[in-house]
Amino acid sequence: MTDSAIREISFSQAIYEAMALAMEADERVILMGEDIGVYGGAFQVTGDLVHRFGPERVIDTPISELGGAGVAVGAALTGMRPIFEFQFSDFATLAMEQIVNQAAKMRYMLGGEVSVPVIMRLPCGSGSGAAAQHSQSLEAWFAHVPGLKVIEPTTPYDAKGMLLAALEQNDPVLIFEHKLLYKMKGHVPEGHYTVPIGPSETRRQGKDVTIVATAIMVARALEAAVILEGENIDVEVIDLRTLRPMDTESIIASVKRTSRLLCVYEGVKTLGIGAEISAAIVESDAFGFLDAPVIRLGGQECPIPYSPGLERASVPQVDDIVRCARDLVRRKI
Amino acid sequence: MTDSAIREISFSQAIYEAMALAMEADERVILMGEDIGVYGGAFQVTGDLVHRFGPERVIDTPISELGGAGVAVGAALTGMRPIFEFQFSDFATLAMEQIVNQAAKMRYMLGGEVSVPVIMRLPCGSGSGAAAQHSQSLEAWFAHVPGLKVIEPTTPYDAKGMLLAALEQNDPVLIFEHKLLYKMKGHVPEGHYTVPIGPSETRRQGKDVTIVATAIMVARALEAAVILEGENIDVEVIDLRTLRPMDTESIIASVKRTSRLLCVYEGVKTLGIGAEISAAIVESDAFGFLDAPVIRLGGQECPIPYSPGLERASVPQVDDIVRCARDLVRRKI
Amino acid sequence: MDTISNEASNLNNNLSRMANVPEAYRYFTLDQLKGALKKMYLIRRFEEEAEDSYQRGLTYGTMHLSIGQEASAVGICMPLSNADYITSTHRGHGHCIAKGAEPGKMFAEFFGKETGYCRGRGGSMHIADVTTGNLGANGIVGGGIPIAVGAALSIKHQKKNAVAVCFFGDGANNEGSFHESLNMASIWKLPVVFVCENNQYGMSTSIERSTSVKNIADRAVSYSMPGITVDGNSFSDVASASVEAVARAKSGEGPTLIECLTYRTRGHSRSDRNRYRTKEEIDAWAARDPIPRFEGELLNFGILNETMIAEVREAAEREIQSALEFAKSSPDPDPLQVANFVYSS
Amino acid sequence: MDTISNEASNLNNNLSRMANVPEAYRYFTLDQLKGALKKMYLIRRFEEEAEDSYQRGLTYGTMHLSIGQEASAVGICMPLSNADYITSTHRGHGHCIAKGAEPGKMFAEFFGKETGYCRGRGGSMHIADVTTGNLGANGIVGGGIPIAVGAALSIKHQKKNAVAVCFFGDGANNEGSFHESLNMASIWKLPVVFVCENNQYGMSTSIERSTSVKNIADRAVSYSMPGITVDGNSFSDVASASVEAVARAKSGEGPTLIECLTYRTRGHSRSDRNRYRTKEEIDAWAARDPIPRFEGELLNFGILNETMIAEVREAAEREIQSALEFAKSSPDPDPLQVANFVYSS
Ligand SMILES: Cc1ncc(C[n+]2csc(CCOP(=O)(O)OP(=O)(O)O)c2C)c(N)n1
Ligand SMILES: Cc1ncc(C[n+]2csc(CCOP(=O)(O)OP(=O)(O)O)c2C)c(N)n1
Ligand SMILES: [Mg+2]
Ligand SMILES: [Mg+2]
C-alpha cells in the first residue's frame, strides 16, 4: 500500500485540493467569492490558494451576491471556468436571478449556441448554531431547475472527485457542501481523478429497507443502520450524491429488492428532495414491489432555530431514523 | 335571482375588486409594484385604482424588486397591509432574500413577537409567448418555505374570495395568478366574502380516477374529463387552490374512492408541486387504496421556449391529460 | 485607435477644412459611415416590419421597439469589432443589428423559426448573435449588467485587446445589479463601457418619479468612473463618447458610464395604452428623429450626397425584404425537440 | 426638537460659558448624557461577557462583537424614542442596548433561553426588541435596509412624528439592496436615516478593496440626499449628526446618509484568524477607544466628575451581573415546541 492509498484528508481539504489541481492544469479556472483570499474563506476551504495563484485568480468580491454570481456567469460565457463560492447557501437567495434566469437558461434560450460552465459552491445545513438565515438546505429549489446540475457529495473522496468532474462539464454545476462535513476525514488519492456526476452510491447493502439520504443524513443513516442491525433489521443506504439529474434507476433496483423505502433529508420535508425521490419511485415499476408506503423523514416545517435543543429537534437525528426505519419495516399495508 | 347572483366578471376584475374593497375598508391596505399606477399594471389588474385611492396608496415603485419587496415587508412589520405586485413571478428571483429569509422567517426568528402581513401577487405561467424568463411556474419553491402561505386561485370567484381571505391573515401570503386566467370570466358576488385559505375544491366528481390540478391545468383537466366521459372514464377533478398548507385530507378521501391519482401541473415535473402531492398521498393511509402508481404530468425538463409549437409542447395540454388518465385507468399493478 | 484607418484620415483631411465638423466624423472611414447609416435604416425597417407582422397577428408574445433610439445603438457600436462583446436588453433589436447581426436570422427568431439565431427558443427578448460578440438580449431588466462585467473580466484574464459594452435602460439603473456591477467594474478596472439608454421612462414610470438623481451619469461618482451625458439622438455625439470610452477601457484605465438621452416613439410594448405621455412630448421627440438628423449631418458636411443616401436606403430595403422572405419560408422547430439544448452533455 | 427639554437648556446655559463645547452636549440633559455613558458601558461589558462565555464554550453558533464601535450605536440613538424604529445588523448588540433593550433578555437570547427576546429561536444574529422599536438584528448583510425604508413608509402613512434609523456596515454598502433602498427613500422623501458604520472592513475585505468610492457618504450624491462622514468614535460628533438628520427626516425633508468612521477591535466573528489587519492598525484604533474619549469630554467640560463616572460604571456592572444571572438561570425552550411561532394563525 502506497502512502497515497492510505492518505486521509478532510472534506474541505479535498475541495481545496481539487481547486488547486484544476487551477494548476487550466488557466481558465478562477475562484470568486467573499473573503476567499487572505481570509481563506468563511469555512477555510480556499485556504492559501490566493498565495499560490495570486489575487487575479482568487478574487475577493465585494459583498454583492447577485452581481458577483452574474460576473461569474458572464466570465463562464466568455471562456473562463469560474468557481464561485457563496459564503452560505442562504445568500444564494440574492442571486437566484442570475442562477436561474441566466445561467440555467442561457444555453437553451440561445438555441444551444453558448455554454455556461460556471461552478457554484454552497455551504449549507444546520448544526452549527447559526440560526435561521445561515442554516438552510435549499437544494430542492435548484434541483427543480432544468439547466442546472446539482451535486451534494458526502465524503472527502467524492468531494474532490465530483468537483473535478464538475470542471469537465460545460454546464452550470451547483455543489452543496454540508457544513458539518467539512472536518470529516477520509481517504483521498493524490492527483487527478473524477467521480461521475449522476450515479448514486450504495454505502451499505441490506435487504429489509432502503434508505436514500443526502448530505449529513448519509452519515446518520449509516449510524442508524448499525443500531438497527442489532435489532436484526438489515438496512441498505444509498447516498444520492447528485440531486439533478437524479439516479432513480439505482433506487428502483434497490427498492425492488427491499420493498421498502425511507427518504432522509435535512431540507424542509414539504417539497424537499424526498418528495421527488418518493414520487419518482412510486411512478416507476418499483411501485408494484412496495410492501409499505414510501416514508419521508425531512426537516420540520419551521426555520432553523438557534437554541441547541431546538436546532437538533428541527432536523432528523439518528434516533429519528432508527424509529422511522423500524416502524416501516414492521408495517404491513 | 338578483343581478349580483348572475354577475360575471373576469379573473383580473375579481382581483381588482378585492383590492378596491379592502382599500375602502382599511386605510392600512396599500398597493406597491412596478407600473401599477397610471399604467394600470402590466396585466391591467390594478386598473384605475390609483385614480380612486391616489398615488400615496397605489405606489409605483422603481424597477427594484429586492428593495421594493423589502419595503413592503418593512411596512407590513410596522402596521401596514401592503399588497405587492411582481410584474412577472420570474422577477421574484430577485427578491427571494426578502421573501424567504425575512418575511417568512421573521415571526419565528423573533419568537412570535411580530407578524408580517404582506401579500405578494405573482403572475405566472406560460402560454403567452413570453419565453423563458417571463413564463415560469416557480410555485413549488415557495410552497417549500415554512412561514409562507401560497395560494393559486383558478376562478374569478376564488380569486376575489381568497385575496380577501389573505387580507385577514397575519402572515405573508403569496398569490400566484396564471396569466391565461386573467381574462376568464365567472360568477363573482359583489361585496365582501372570503374563500378560506387551505381547503381544496372538488370541481368535478368521478369514481375512476382523481386528478389534482393547479392553475390553468384545472381548466384543462375539466376539458379532459369531458372527453374521457365519452370513453366511459369517470374523472374526479380537484382544484388544489392552496399549495401551502396543502389540503391532503381531501385528496386522500378522493383517492380512497377512485384508487387512482394523476397530478397535473405546469411547473417543471421534477420537484414541482405534483412531487409533494404524490409523496404526501403515498405516505398516507390512501396508499393501501391505490390500484396503480400515482402519475405526475408536469412541465418538461426545459425552460419555456418561445416558438408557439414548442411552447405548447413544453407544458401539459388537454390531450396529454386525456392520454395519461386513460393509461392510468387501464393500468393494473 | 484600431478603427482609424488610412481612409479615415483621408476623410479626416477633407473634413478638417470645414468648421464645426463633429469629432466623430474624423474617426471613421466613408464606408464605416455608410455602414452606420445603413444599420440605422435596417434597424428602423426591421422594427417597422416587426410591428406590422404583430399588428397583423402573425407573431406571438411581446416585443419592445427601439424606434427613435437608433443613433444610440449604432453610435455606440461604431468602434467595436466582433472581438468586443455587448450585452443587450429586452429592447435589443437595434443593438443586435448595430453589432452586425443578419436581419434574416433575426426575423426568423422573431417568427419562432428553426433558422433563427436561437432556433426559435428565444424570441425577440433573447436574440443573440455570438459570432458578432452579442451575448444576447435579456428579458430581465438589469440582468445583463453583471454578465458584461464578467465578459470584461474574461477579456482581462485572456489579455485580449477588447472591450465589453453593456446596454441598459434608465429603469435598469435602479436595480441592485447596476450598483453591484459598476462597483466591481471600477475596483477591478475592467474594460467595460456602461451605456444607459435613458429614454425617459421605464415602462410608464418617468425618470423623475423613479430615480433620485437628475442625470444618471452623475451616479458615476459613486463608482469613481467618468460619467458623461450625451444627446442620444445624435449619432456623432454618441459615437464620439463611445470612441473615447472604448479607448479608455482598452488602455486599462477602467470603465466609463455613458448616458444617452433618447426616446422611444412607440409604446413600451404591445400592452402599452400610452396613459403616461402626452402627444406633445412624443411629437417633440419625433421631430428629433436620429435618422434624418444623421442624414442631415452627412449632407451638410458633404460626406454623402442625396444619391448616395438613396443608394444606402435602397440597399437596406432590399436586405430587409430578402430577410423577411428567408424568415417566412423557414421551417418551425420540431416540437419533439422541445427539451434539447438544455445541457451541453 | 422634542429632545431639548428645560433641563437640557439649563445644562446648555452652563456649557455655553465654555469654549469649544461640542454642539451635541447642548442638546441633551445631564440624565441623558449619563444614560449614554451607561449604555456604552453596558454594551462593552455585555460583549466582553459574551466573548468570555464563548471562549469558555458556554455558547453556541457565532457572534459579532462591536467593541470599539459603541459611540456610533449610542450617539445615533440619542435623539430616538421608542416610537422610532431601528433596523440593525449581525453586529447588533450595541444598537439593541442603545435603543433601550434589557441586557438580561439579550443574554438569555444569546444563551438560547426561553426567556430571551426571541424565546431562544433567534440567537445573537436576530435579537430584536420591538417594545423599544428595534426591528431586529439581521443575519443578511443589507437585509435590513429596505425594511427600514418600509418602516419609514409606515410612519409617513400613519402620520406619526417618528423616524426609522437603518444601521449597516461598509460592506453592506456594496449590496444592491443599499442602492435600491436609498433611491426609494429619496424619491418618496421618507423619514429615514441611513447610518453606515464604516469600520474599515467587511469581514476581511478592506473598504479600499471592496468599494469604488473613498467616502461612502459620497454615494449620497446618487440619491440627492445629504451625506456626511463623522468620526464614529466620537460620541458628540455622532450624536450631533444624528440630531440633525432626525430633525430633517421628521420635518419631511427626507433621508440622510451618515457615515461613522470607526473600527472593531475584535475579529469579524469567531472564525477570524486576523490575517488581514496589522497589530499596529488595531493598536492605533484601540487608542481611540470611544469610551475613554467620551469620559474625557464629560470630565473636560465639567459635565460629570470622576465620582459620578464611577457611579455610572458601577451601575452598569451591577446591571450586567444581574442580567447574566437571570439569563443563566432561565429555562431552555421545549424541543417539542420547535415548530411553534411560524404562523400567526
Ligand atoms: C427584473 C425585471 N423587472 C421588471 C421587468 C418588466 N419590464 C420590462 S422592461 C421594463 C422597463 C425597463 O425600463 P428601462 O430600463 O428604462 O428600459 P426601456 O424599456 O425604457 O428600454 C420593465 C419594468 C423585467 N423585465 N425585469
Ligand atoms: C448577504 C450576505 N452576504 C454575506 C454574509 C456574510 N457576512 C456576514 S457579516 C459580513 C461582513 C459585513 O461587513 P460590514 O457590512 O462592513 O459589517 P461589519 O461586519 O464590518 O460590521 C459578511 C460578508 C452575510 N451574512 N450576508
Ligand atoms: Mg427607459
Ligand atoms: Mg465593516
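Just so we're on the same page: letters track the sequence lines, and every chain starts at 1. What you are looking at is a predicted structure, and each value in this text was computed from that prediction instead of being measured.
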Q) Hey, does C/Ile216 have a side-chain heavy atom less than 4.5 Å from the side chain of C/Ile207? A) yes
Q: Could you walk me through whether D/Leu190 and D/Leu153 pass side-chain contact (heavy atoms from CB on, under 4.5 Å), step by step?
A: CA-CA 6 Å; D/Leu190 296 179; D/Leu153 190 77; 4.1 Å; yes
Q: Assess whether side-chain contact (heavy atoms from CB on, under 4.5 Å) is satisfied between D/Val165 and D/Ile76, documenting all intermediate values.
A: CA-CA 8 Å; D/Val165 172; D/Ile76 290 291; 3.7 Å; yes
Q: Carefully, step by step, assess D/Val163 and D/Val192 under the rule side-chain contact (heavy atoms from CB on, under 4.5 Å).
A: CA-CA 6 Å; D/Val163 66; D/Val192 52; 5.7 Å; no
(Q) For chain D, which candidate among C/Leu182, C/Val213, C/Val221 shows the most heavy-atom pairs at distances under 4.5 Å? (A) C/Val213
Q | Approximate separation, where rounding is to 0.5 Å, of C/Cys77 SG and C/Ile86 CD1 | A | 5.0 Å
Are there any donor-acceptor pairs closer than 3.5 angstrom between chain D and chain C, and if so, which ones?
unit_1: D/Asn173; atom_1: O; unit_2: C/His179; atom_2: NE2; d: 2.7
unit_1: D/Asn174; atom_1: OD1; unit_2: C/Asn183; atom_2: ND2; d: 3.1
unit_1: D/Gly176; atom_1: N; unit_2: C/Glu180; atom_2: OE2; d: 2.5
unit_1: D/His179; atom_1: NE2; unit_2: C/Asn173; atom_2: O; d: 2.7
unit_1: D/Glu180; atom_1: OE2; unit_2: C/Gly176; atom_2: N; d: 2.5
unit_1: D/Asn183; atom_1: OD1; unit_2: C/Ser212; atom_2: N; d: 2.8
unit_1: D/Asn183; atom_1: OD1; unit_2: C/Ser212; atom_2: OG; d: 2.9
unit_1: D/Asn183; atom_1: OD1; unit_2: C/Arg219; atom_2: NH2; d: 2.8
unit_1: D/Asn183; atom_1: ND2; unit_2: C/Asn174; atom_2: OD1; d: 3.2
unit_1: D/Asn183; atom_1: ND2; unit_2: C/Ser210; atom_2: O; d: 2.8
unit_1: D/Ser210; atom_1: O; unit_2: C/Asn183; atom_2: ND2; d: 2.8
unit_1: D/Ser212; atom_1: N; unit_2: C/Asn183; atom_2: OD1; d: 2.8
unit_1: D/Ser212; atom_1: O; unit_2: C/Ser224; atom_2: N; d: 3.3
unit_1: D/Ser212; atom_1: O; unit_2: C/Ser224; atom_2: OG; d: 2.5
unit_1: D/Ser212; atom_1: OG; unit_2: C/Asn183; atom_2: OD1; d: 2.8
unit_1: D/Ser212; atom_1: OG; unit_2: C/Ser222; atom_2: O; d: 3.1
unit_1: D/Arg219; atom_1: NE; unit_2: C/Ser222; atom_2: O; d: 3.1
unit_1: D/Arg219; atom_1: NH2; unit_2: C/Asn183; atom_2: OD1; d: 2.8
unit_1: D/Arg219; atom_1: NH2; unit_2: C/Ser222; atom_2: O; d: 3.2
unit_1: D/Ser222; atom_1: O; unit_2: C/Ser212; atom_2: OG; d: 3.1
unit_1: D/Ser222; atom_1: O; unit_2: C/Arg219; atom_2: NE; d: 3.1
unit_1: D/Ser222; atom_1: O; unit_2: C/Arg219; atom_2: NH2; d: 3.2
unit_1: D/Ser222; atom_1: OG; unit_2: C/Ser222; atom_2: OG; d: 3.0
unit_1: D/Ser224; atom_1: N; unit_2: C/Ser212; atom_2: O; d: 3.3
unit_1: D/Ser224; atom_1: OG; unit_2: C/Ser212; atom_2: O; d: 2.6

Q: Before giving the answer on side-chain contact (heavy atoms from CB on, under 4.5 Å), spell out for C/Phe167 and C/Val193 the whole-Å C-alpha distance, their side-chain angles and the decisive distance to 0.1 Å.
A: CA-CA 9 Å; C/Phe167 287 101; C/Val193 179; over 6 Å; no
